[in-house]
Structures are given as structure tokens and as C-alpha cells.
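Here the structure is a predicted model, which is why all the values come from computation and not from measurement. Here is how names work: the chains are called A, B, and so on, in the same order as the sequence lines, proteins then strands, and each is numbered from 1.
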Amino acid sequence: MSDRYNIHSQLEHLQSKYIGTGHADTTRFEWLVNQHRDSYASYMGHFDLLSLFAIAEGESRARVRFNLMEKMLQPCGPPPKKLDD
Amino acid sequence: MFLYNITLQRASAITHAIHGNFSGTKQQEIVIAHGKIIELLRPDPNTGKVHTLLTVEVFGVVRSLMAFRLTGGTKDYVVVGTDSGRIVILEYQPSKNAFDKIHQETFGKSGCRRIVPGQYLAVDPKGRAVMIGAVEKQKLVYILNRDAAARLTISSPLEAHKANTLVYHVVGVDVGFENPMFACLEMDYEEVDNDPTGEAVANTQQTLTFYELDLGLNHVVRKYSEPLEEHGNFLISVPGGSDGPSGVLICSENYITYKNFGDQPDIRCPIPRRRNDLDDPERGMVFVCSATHKTKSMFFFLAQTEQGDIFKVTLESDEDMVIEIRLKYFDTVAVATAMCVLKTGFLFVASEFGNHYLYQIAHLGDNEDEPEFSSAMPLEEGDTFFFQIRPLRNLVLVDELDSLSPIMTCQIADLANEDTPQLYMACGRGSRSSLRVLRHGLEVSEMAVSELPGNPNAVWTVRRHVEDEFDAYIVVSFVNATLVLSIGETVEEVTDSGFLGTTPTLSCSLLGDDALVQVYPDGIRHIRADKRVNEWKTPGKKAIMKCAVNQRQVVIALTGAELVYFEMDPSGQLNEYTERKEMSADVVCMSLASVPTGEQRSRFLAVGLADNTVRIISLDPADCLQPLSMQALPAQPEALCIVEMGGAEKQDDSGEKGSLGGLYLNIGLQNGVLLRTVLDTVTGDLSDTRTRYLGSRPVKLFRVLMQGQEAVLAMSSRSWLSYSYQARFHLTPLSYETLEFASCFASEQCPEGIVAISTNTLRILALEKLGAVFNQVSTQLQYTPRKFVIHPDSNNLIVIETDHNAYTDATKAQRKQQMAEEMVEAAGEEERELAAEMAAAFLNESFPEVSFGAPKAGLGQWASLVRILDPIQGSTLDSIQLEQNEAAFSVAVLRFANSGDDWFVLVGVVKDLILAPRSVAGGFIYTYRLSEDADKLALVHKTPVEDVPGAIAPFQGRVLISVGKLLRVYDLGKKKLLRKCENKHISNFIVGINTIGNRVIISDIQESFFWVRYKRHENQLIIFADDTVPRWITTASLLDYDTVAGADKFGNIAVVRLPANTNDEVDEDPTGNKALWDRGLLNGASQKAEIIANYHVGEACLSLQKATLIPGGSESLVYTTLSGAVGILVPFTSHEVRQPTTRKPNCLCWKLSFPFIQDHDFFQHLEMHMRAEHPPLCGRDHLSYRSYYFPVKNVIDGDLCEQFNSMEPGKQRSVAEELDRTPAEVSKKLEDIRTRYAF
């Protein structure tokens, strides 16, 4: 019994510490949003990916970075209406 | 297959640049990051040249870089935020010329993650704390201080986290000596995530949040947060305390806003726009980078917009309250990632793409005739100021750093017929694009060429006094005469120098402080400063055959192989040593090392004899003229040169050169081989010989000075420079014609040059780009080059250039016309005439897009052209502009089986492509017939296709064309290309087609490779194998029938191979009743390729090619990266025989039982020890870095192995011992594998 409780609390700890850690009730939307935000953060971190986008779009690197930041706010549109509401 | 990775040329794109006094002296230096490399530059304030002091690869991604100085300190530290999950503080040690890691604190996971700090760094301007932030949530503050021994200390981290918050930028606010404060541009997304109506998005505001580090409580508090009107992209900290009003400038779209803590009102000023700009009018304008200049009395900022225009930003304040922001147009330079203003009045501009520049700030933008824009000027909301662009007025270009970045594609071929292949690179972006031809060699700048009255034999330069900076005379020796030229404003002949002009000269030099010596066949002439001449005549019929001279010693060899030694005594007299020495064979060449500083003499004389030996003879008074050591040679020596190399880069604090370098004896042989041998400075023993073949002629050697160090110029059929640069020996050919004799040269105009003779001319040359492997010739292009093909008959290149967000020339002209008309229409009745004049002026003005950038047309606007280029002449033979919004994506040059010998150029073009989400209005294949001389394109027809034609490849007299995810075979028809066959089972989008026999290897944009078999009889394309892992392929190259190498967007290179039992005779199964075990998993092919090698390069590779880089060398896989690096992967082939040793029975014993241990084994162990003994500088684990996306397999990192040479000697010894070798053997092996394949 205590074991199960422990695992549960460990998971909760992980979920609070690492954003995007999944759980049994993760919706498709939440998962997608996290994927997108993770990807955008990675694009900004890896210099060559940022350059690659900048070349493809014909924009400056700073502008591409700014656009990615802006997209992180809501990468996949508004969340779906909750069914139980 | 085992591969070994060697970087030939490091990345040149700059991602970050900071400046400071990193060596702790008055001189300002710049630290730049090239993504995974940290480099220290020192701009020379006198010459304006930028010198590289140190380059270190860190095997990690540098995401942020900050200079940091403790309160009251004089030395700057470098704080680095990387993907290692650690904060690293580096200190530059000028005495060792190395970065020391003084702190490394782990705080999180590795990788560029959303919530792991490292993306942002901010330091407290007073040097008390540093904040390291992530893109989301996490921010850590470290308090920095010094301990009793004045060493830098770092505290444990203090958290300033805020969940659900995105961070745009972090900056340290200058608050004087109050509690350190950091300002963050933040955005909270919690509400947006929970609001299904979508209203919250519009309402969410970016906030400017101040975090205060309470030094008393040792705690960080979120002090104050204020919503902003528009979204900012970065912050600039305003000097505070006693220097200024403090606060921050927020750079946001179209506006720059000053904000301060407290209830001070915001000051806001719009970003001025270019007058009559062709840009998309809907576009906003943002600043991309800034630089701050602060002196005791004033400060200003330079901020650059995304068009490249720099504005000088100043703040007007009234009793510490800022009341006005003023902007003034400064100049336009290339769009930068970072700028640094140096105290010496230079502006360093690290361009996003292309070359970097160092400008001198000639004026501070103070001239009155240009408008200054102010926040105090009344403007309607949404309105802005306009300014007129103009050529540089305040800046003067003083130096340019070549950068290949981005290398869009590269092909290696010998199109110029030079034996050595050239690298043809399509570089750059937009209007700053170029095609560069790279050749291995050092660029030589010719300072002067003058003709002489005959063909000289030799040339020297001499100074008049030992402390003179520059040379006084050039001495030229002819067959029967000697000419003396004095160096001044001009070079003129003089006769009063004291040199004997009626005889040829064997050598001459400055002797002692201010005397000169001339050695000629009949004697030695010692010319004192007061022009008194002492002469020593040869005895009897003997003549001087060879001689060696340095600052204090003269050695001559008389006929009959008799050595006579002279040394200068303290009174300046040249004295003959009492004994002479007879050699066993004729003396062919001799060399003396320079006298070490503070010593009386050089202790070694090297003598090359006709019996194929080199002997070292002592000149020490204790055993003068006694032989010390001897080395047998494979051929007769031609020239000798003893130099001291490898140490002078290291300077100690007082700026005095250390002499950590060793002596090297260079031996040039008559068969064109150069040997380099270590000469033991104590015993005179010779050891560790390195061999290189230089050319077909006997090798002559000359000692020259390069960046204050001795180097050797070796001349065979080509001239080479052997020098030590950044702890590595370089032997690089000069990209210049054959030379015959050389000497170093220093004058006011050319402080470090070479004077050389070639037939009957005297040339003064300078070598400025030391360390560069390639010398490049560049041809300007108009748009970003995407691909090019080589027409095999004429060696012309057919380049396609495509830019998104751009106008074609026609549209540009049309828009200009339209704007001019609008200008006239908008004017009132009276001003009509004036407006018409202005419009006409506007139509006439043209600013070169290379420096001012091309107008940005907006999303979905494309401009493109096809060009035929003669790469050797650099001339455009033909170019075809495509229509607006047609974008060329693929090109091929081929012959069709059904149309004889005509060459055709096929260009895949897409119309109205929207990048995201991808949509197209259709595509075309333009078929052009290439004229006889391959200099004109004539349109044959245009074939519509439904999607993006991403790749075209000739295939068995027909052509394979990809259309989106479809693979098709086309043949030439009368009205258009005729579709013959199709495969629609590729996953996403085809980016590349390679063919071999009946096999077609398709690269997919996401799903790696597909092997397709073409069945002629059934006329079918059938996928028979694929890869097991997703790879986002950018380029691929076939290694053999079964093996393919591919590179992906994330910087990996992989080699995959079909297993030997692969059956490509599979049938398509249209009925779908294939046996269960025949069906591949998840709809994949039934046969899978095996992974042979995996490697993370760290930069996106856009070209891969199997090529031989040096004549007679072996093949290697050459890759080029987006950041401008060139590297090779070489296969291990040789089997090195090694005696089994019994020295270490417990270690590696299973391997030692084999007498044959491969090279591979050696390097694998070296790599392993290097990982343990010399971990990467910024804390990233090397093994996990090379395994970033896929576990590294069968590839050894030569870049890490080569860091062996820059390790401390003690560590070198211990690593070498583990490998049962000496350090010299290890570095020889490192050099050998490099020179076997490349340079």
C-alpha cells in the first residue's frame, strides 16, 4: 500500500518538476502543446536549426527566434472545451 | 568500417560575441562562440587587424556567453551557458594561452531543453551575481565573490522560478551597489492553456519583471512586474549608479521603450523606417542586437534593426529621470548576431551569415545635418519616423574575417585542372550570397613587385641595429655582384652600406648590436657601425663553399670540407676558433639556430653532408666542434634550417615571450621531401622525424618570422610554410607562383612580410591569414544558392538561386514605379512639381543590396533564378530570372537517350509555395537546352507537376523527378516531359535521389532512406528496403553499391548499408495478400538496412561527398556544415604492427596478445583516455555529445584526439604512457592520419 502511494507521489513530484511529464489523464491536446513548446525551445537552443529556419524563411535569426517565442504561447490553437463542463 | 573524424576548417559563423579584458591587461579582447567553439580574438588597435589567440572546441552547444568582472577587478571572466546543464566560468590564462575552467556547477539535465537553464545569461553590472535562465520557468541566481586569496567563489544557486512563464530575455539592471537586480521579459501562459474560447491569447500581456537578489537574506524575490503594451524581443540595460539613470530599454516590434523601476513614466519612441522602402508595408521592425558604449562621462547604445541599419540611441535625463530617447541613424552594415564597441574606437560586427567585420568608429554620428528622432516629437499613434539610408559615414572598414557560413552546398572537383581538386561552395544568404572556390593553401598578398637588372641568386634583409623594428637593407646577390637596396619610403640602391658589391654574397646578417657581416666566396667582411671594415680572407686557393650565420656566430665550410668557426666576443670582435674541423664528406648545407635571448651563442650547428647524413656539431666552448649526433637521410640533403617553434604564442603577464618551444631541425632533401626533426636542446639528439613530400624540386629552406614566431618557408616546385599556430604544426602551401629564395622582411608599410625572388623580380609578400586552411576566390550571387550541378563537358556550373521573402528584379522595378506614382499623386497641386522631381530621384537612386540588404517582400513571395557560371573566371554566362513567386528547388544537367548528344538542364520550380502550413499552387519542370558552348539556356518546354519537385536525377537515359512524395520517371517529349512510371509509397517528401545501376536511393525529409529498384520489363519502381530509424535527411552520398552516407538537419552523419543477403528482386504485391512474414513492420519495407556508423557533428551538414583532397591521397568523405565548417570522415585501413609488450600485463592484455593492433585500436584508446583526462571545457560529456540523437557508433573523434597536443606535458605523458608510447609518437600518429587524407 505504501509502495503504491510512494510511486504516486514520486510521479507527482516529477510532474511538478518537469513540465510535460505525462500522466494517465494527459489529453492529446496537452501532449501536442508540450511537444511543440519543447521543439521550439530546442530550435532556439541549437544554433544551426535557427539558422536553417532563418535561411528558409529569408528572415533574420533574431526575428525567427522572436517568432518562435511568440508561437510558444499557444502553439496549437485554443484548448478544446472540456467535456464535463 | 571504422571512421575517424577530422575537421579541416572550423565553423566560422558567430553565434555570440562579448568583449572585455580577458587577459587582465589593458587591451580589450573579444570572445566569440561559433556554436560549439569558443574563440578569443584580439583586435590590434594599431593595425586594425583581428588576431585569433585561441580556439577551443567545447563539444557542446554554447547557448549564451557573458563577460563578467568582480567589483574592483581588472580581469574579465567568461560565463558560459551551454547544453550541459551546468554553469561554467572560464578564465583566460595568457601565460598558458588557455582557458581555465574555474567553476562548473551542475543544475540540471543536459540538452537544449525548455526548462533547463542555459539559454539566457545575465550578469549584475557590478559583478556580484549572475542569473542563468531557461526558456520557461527556471531561473537560477549564483552569487559570485572572492575569497581571501582573491579567487573567484560561487555560491549555491538561488531559485527564481515561476511556473507557466515563458522568458524572452534576461538582463542585469545596473543599480549601483544596491541589491543586484535582474529584469526579465516574461509571458504567462497558464490562462491561455485553460481558456477554450481563445480570448485569453489576445488579452495576455508580456510583462517586464524585476527580480531582486537580497544579498542580506541570501534570497531572490520577484520584486515587481509590469505589463507591456507590445511584445518585446530583447532588453538593453541602461547604466546606473553614478554613471546613469539605470533602468532598461525594451526593444519591441516598432518601438523602443525606456522603463525604470518605480513610478517613473515610460518613454517610448518608434523605430524609424527607411524612406521609400520596398519592404512589405505590413511588416513590423525589430532591433536584432545592440552594443553599449560607456565611458566615465557619457554612454550610448548602438542598436541594429533587422535591415542592418544601426541607430545610435542616447537618453536625455533630468536629475536622474529619463525624459527623452533620441535615435539617430548611424550607418548600415550586415545584419549581425552580436556587436561589440571597443574602447579603442572599433566596432566588431559578427554577421549572421557571411563575413564578419571590424570597423573603426571615425565619427560618433554627431554631425548636425542628419535628423535626430526623439521620443519628445509628437506623433500619431502608429505613425513613425523616416530616414534616408546612405553609404557609410561614421564607420570605416578596417578588417574582414572570412566566413563561409552558410555553406548551402559544396562539390569537390578539379575543374581548373590543377592536380589538386578545388572545393566549389555555394555560400551565403540573400543578397550576400557568393560562390566560393576554395583551394588548399595560404593566401598571399603581394605588397610589391619590382624588376631587377638580372636573375638574382639570393636575397637577404638586414637591420641596422638590433633594436630597430624594421629592416634597413635588402641585399640581393647575383652571379658576380651584390646589390644593396635601402628600405625607406621607397626602395633605392645604395653604395655606402659597406657591403662589397663586386662579388656574389653567400650570406649576410646583422652581427651583435650594430655590426654587419657579409660572407662571400673569398672571405668574411665584418662591417662595424662606424663603417670600419675587418676582413678575413680565405687561406690559399680555398674558397668558402657554404656558410651559416646568426646574430653572434659565423660558420663557414671551406673547399675540402673544412669547417671554420667564428664567434663574436663582448668587444664586438669576430674571433676565429683555434681549431678547424675536417668533415668526412663534402658539406652540402649548414644551419645555425638563432641565439636564444640572454645567451651568448647557439649551441648547435647542423651540417648536411654529401654522404646523405646530417650531423649536429656542438659549438659549446667546453666541447667545441665535437660531433653530438647524426642522422642518416634517404637522399642527399639540400638545405637545413634550425628553428624554435611552438612556444612564443605563450606570453607571460609582463608581455615577455616565453621560450617553451623546442628546437626543430628542418631538412630539405633533393628529392623534394621535407623532414622535420626535434633537436634536443640539451644533448643535441635528433628524434621524432616527420616526413612530407613537397614537390618535384629540391627543397630549399628559409627562416622567416610569422606573428613574432620563427617559421620555415620551404621551396620546392611549390612554396610551403611550416609554422606553429595554436599549438599545432601547420605545413601549408602558399597559393602563389614558384619562388627561388626568400628572407623575412619588415618595414613600416609591411611589418611582417617576406622578400622573395622569382626569376628576375623581387617580390614583397605578406601572409596574413595564418591558420586558414583554404584560400578562397569569391563570386557574387543574387539570391541564396540552393543547388548547383557541374556540366561535365565545359566544367561550367549551373546554379539555382532561390529566396523566400524576396522580390524579383522585375517586381522590384514595378513596385518602385508604383511608389513613385503614388508619391506624385499624394502631393497637392502646388507641390506636384517638387513631388515629381522627388519621384524621379527616387527612381534613379540605387543602393547596392550587398550592403543594404534586399527588401523583404512578405510571406509567400519568392524570387529565383537559374545561372550558368564559369567558376574559374567567376563570370556569369547566362542567367534566367524566373517569375515572381516561382521558386527553383532542384536542378539537373543530363542527356536524354532519345535526343542524341544535346545536353538539357532541368529545373524543378514550384509556384506560390507557402512554407507553413505547406501549400502550393503547382509546380513546373523547366526543360532548357544547353547551347553548344554550354553558355546559353534555351527553354524547350515547361511540364506542369502537382507538387514541389524536390529532386531531379538522370537515370538510364531518362530522368527521375520527385514531385512531393511521388517518385517518377520522365522522358523527353516534344511538348513536355512524358511521365513513364511512378511510385507513391515514399512517406513524406523526397529531398534527394541517388542512383546506382538499377537501384535508386531516395532520401526522405523525415524518414531516412528508401531503396527502390527499377524493373525495366515491368516498368515499375519498387521499394525493396528502407531504414529503421527516422532521419531528417539533408543530403546523401553513395559510398558503394550497398552503402550510403547521409546527413540530417540535427547535425548527425550516418552510414547505413544493406545486408549482404538483401534481395532486390522483390515483386510488388498489388493484391495485398502477401504472406504475413513478408510484410514489413508498420507498412515499411520487408528488408532493412543496417547502421554502420553514427556520429553527431554538431552542425547541420548540407553536403557530403566522397573525394580525394590531395593528390596521391586516399578517399575520404567530405562534409560541409551550415556554420561554415569543412570536415572529413576517413576510414581506417592501415594495420600497424606493434610488438607485444610485457610492460603492463594487467591492462589491455587480451588485445596485446595479438601482435597486430590496428590504428583504430590506438585511436579508440586515445579517445577514451582523452575523454577521461581532458574532458570538454564546458562540462558537456563528450560521449553523450557525440551521441546527441543516435548513439555514436564506429566513429572516433579526431578533434578530441588532436586536443592531445594542447594538453599539459604532464598529462600528455600519462596518456601516452597508457598507450605504451611517448607523447611525440602520439602526436606523430595524429599528424600522420591527417596528412594521409588531407591537410
Side-chain angles (χ1 to χ4, degrees), chain A residues 12-21 26-85, chain B residues 13 15 35 61-63 83 111-115 118-119 134-137 163-164 166 168 187 189 192-198 200-201 204 231 233-234 253 286-289 306 335 337 352-353 405-406 408 429-430 784 803-806 856-857 859 915 1049-1051 1098-1100 1121-1123:
Chain A
E12 247 171 30
H13 173 72
L14 277 179
Q15 272 145 5
S16 71
K17 191 169 173 196
Y18 299 109
I19 301 152
T21 311
T26 306
T27 64
R28 178 189 151 83
F29 178 81
E30 283 165 8
W31 182 83
L32 261 180
V33 166
N34 276 315
Q35 285 287 314
H36 276 81
R37 288 195 181 130
D38 286 346
S39 302
Y40 291 149
S42 171
Y43 299 158
M44 279 184 269
H46 290 110
F47 52 94
D48 259 15
L49 281 174
L50 200 65
S51 302
L52 207 64
F53 292 145
I55 293 166
E57 292 180 14
E59 294 283 0
S60 64
R61 281 169 53 104
R63 170 67 83 164
V64 173
R65 221 184 71 79
F66 182 53
N67 288 348
L68 287 175
M69 260 338 286
E70 293 284 273
K71 275 200 245 174
M72 275 180 91
L73 180 64
Q74 194 174 59
C76 306
K81 286 205 174 73
K82 290 209 176 99
L83 289 176
D84 45 67
D85 287 355
Chain B
T15 53
V61 179
V62 178
R63 296 159 75 193
D83 63 341
C112 296
R113 288 166 205 262
R114 176 149 65 122
I115 54 158
Q119 185 72 33
V135 175
E136 186 177 320
K137 184 179 164 184
N164 302 325
L166 302 170
Y168 282 63
M187 187 126 82
Y189 68 73
V192 174
D193 268 6
N194 296 320
D195 169 45
T197 60
V201 181
T204 307
H231 287 188
N233 62 328
F234 79 101
E253 198 148 8
V286 294
F287 281 127
V288 295
C289 66
E306 52 187 330
V335 180
T337 46
E352 277 189 331
F353 298 107
S405 166
M408 299 301 292
R429 189 187 71 165
T784 311
D803 258 334
H804 180 233
N805 208 351
K856 296 208 187 319
L859 294 181
L915 283 170
K1049 278 181 188 166
F1050 306 110
E1099 292 156 12
T1121 73
L1122 196 69
S1123 292

Original post:
Checking B:Thr784 against chain A: side chain, backbone, both or neither under 4.5 Å from a heavy atom?
Top reply: side chain
Subject >> Considering all heavy atoms, the nearest A:Lys17-B:Ile115 contact >> reply: O-CD1, 3.5 Å
Subject >> Side chain, backbone, both or neither of A:Ser39 within contact of chain B (heavy atoms, under 4.5 Å) >> reply: neither
Original post:
Would a 4.5 Å heavy-atom cut-off, applied to side chains only, mark A:Arg61 and B:Val288 as touching?
Top reply: no
Original post:
Where does B:Glu1099 contact chain A at under 4.5 Å (heavy atoms): side chain, backbone, both or neither?
Top reply: both
Original post:
What distance do A:Tyr40 atom OH and B:Glu136 atom CD have between them, rounded to the nearest 0.5 Å?
Top reply: 14.0 Å
Original post:
For the candidates B:Ala13, B:Ala857, B:Ser1123, which exhibits the highest count of non-hydrogen atom pairs separated by less than 4.5 Å from chain A?
Top reply: B:Ser1123
Original post:
Under 3.5 Å, is there a donor-acceptor pair between the B:Arg114 and A:Asn34 side chains?
Top reply: yes
Original post:
Is B:Val135 close to A:Arg37 at the side-chain level, that is, under 4.5 Å between some pair of heavy atoms?
Top reply: no
Original post:
What residue, out of B:Val286, B:Asp803, B:Asp193, B:Val335, has the most heavy-atom pairs lying under 4.5 Å from chain A?
Top reply: B:Asp193
Original post:
With only heavy atoms counted, which part of B:Ala806 is less than 4.5 Å from chain A, the side chain, the backbone, both or neither?
Top reply: neither
Original post:
Do you know which of B:Gly1098, B:Ser405, B:Gly35, B:Ala163 has the most heavy-atom pairs with chain A at a distance under 4.5 angstrom?
Top reply: B:Gly35
**OP:** Would you check if B:Thr15 and A:Leu50 make a side-chain contact, meaning some heavy-atom pair closer than 4.5 Å?
**Re:** no
Original post:
By a 4.5 Å heavy-atom criterion (distance strictly below it), what part of B:Lys856 contacts chain A: side chain, backbone, both, or neither?
Top reply: side chain
**OP:** Find the one option among A:Ser60, A:Ser42, A:Ala54 whose heavy-atom pairs under 4.5 Å with chain B are most numerous.
**Re:** A:Ser60
**OP:** Would you indicate whether the side-chain heavy atoms of B:Thr204 and A:Gln74 approach each other to under 4.5 Å?
**Re:** no
Original post:
Going from CD1 on A:Ile19 to CZ on B:Arg113, what distance comes out if it is rounded to the nearest 0.5 angstrom?
Top reply: 13.0 Å
Original post:
Taking side chain as C-beta onward, heavy atoms only, is B:His231 less than 4.5 Å from A:Phe66?
Top reply: yes
Subject >> CD on A:Glu70 to OH on B:Tyr168, rounded to 0.5 Å >> reply: 3.5 Å
**OP:** With a 4.5 angstrom heavy-atom cut-off, could you sort out which part of A:Tyr43 is near chain B: side chain, backbone, both or neither?
**Re:** neither
Original post:
Taking 4.0 angstrom as the limit, do A:Arg63 and B:Glu306 come out as a salt bridge?
Top reply: yes
Original post:
Considering all heavy atoms of both residues, which atom of B:Pro196 and which atom of A:Pro78 are nearest to each other, and what is their separation?
Top reply: O-CB, 3.6 Å
Subject >> Cation over ring face, A:Arg65 and B:Phe234, 6.0 Å, 45° >> reply: no
Original post:
Hey, is the main chain of A:Glu59 close enough, under 3.5 Å, to the side chain of B:Arg429 for a donor-acceptor pair?
Top reply: yes
**OP:** Select, from A:Gly20, A:Ala62, A:Gly45, the one with the greatest count of heavy-atom pairs under 4.5 Å involving chain B.
**Re:** A:Gly45
Subject >> A:Met72 CE to B:Met187 CE distance, which is reported to the nearest 0.5 Å >> reply: 10.0 Å
Original post:
So which part of B:Val192 gets closer than 4.5 Å to some heavy atom of chain A, the side chain, the backbone, both or neither?
Top reply: both
Subject >> Distance-minimising heavy-atom pair for B:Leu166 and A:Leu73 >> reply: CD1-N, 3.8 Å
Original post:
How far apart are the closest heavy atoms of A:Glu57 and B:Asn805, and which atoms are they?
Top reply: O-CB, 3.4 Å
Subject >> Nearest heavy-atom neighbours spanning B:Leu915 and A:Ala56 >> reply: CD1-O, 3.5 Å
**OP:** Taking all non-hydrogen atoms of both residues into account, name the closest pair between A:Pro79 and B:Asp195 and its distance.
**Re:** CD-O, 3.2 Å
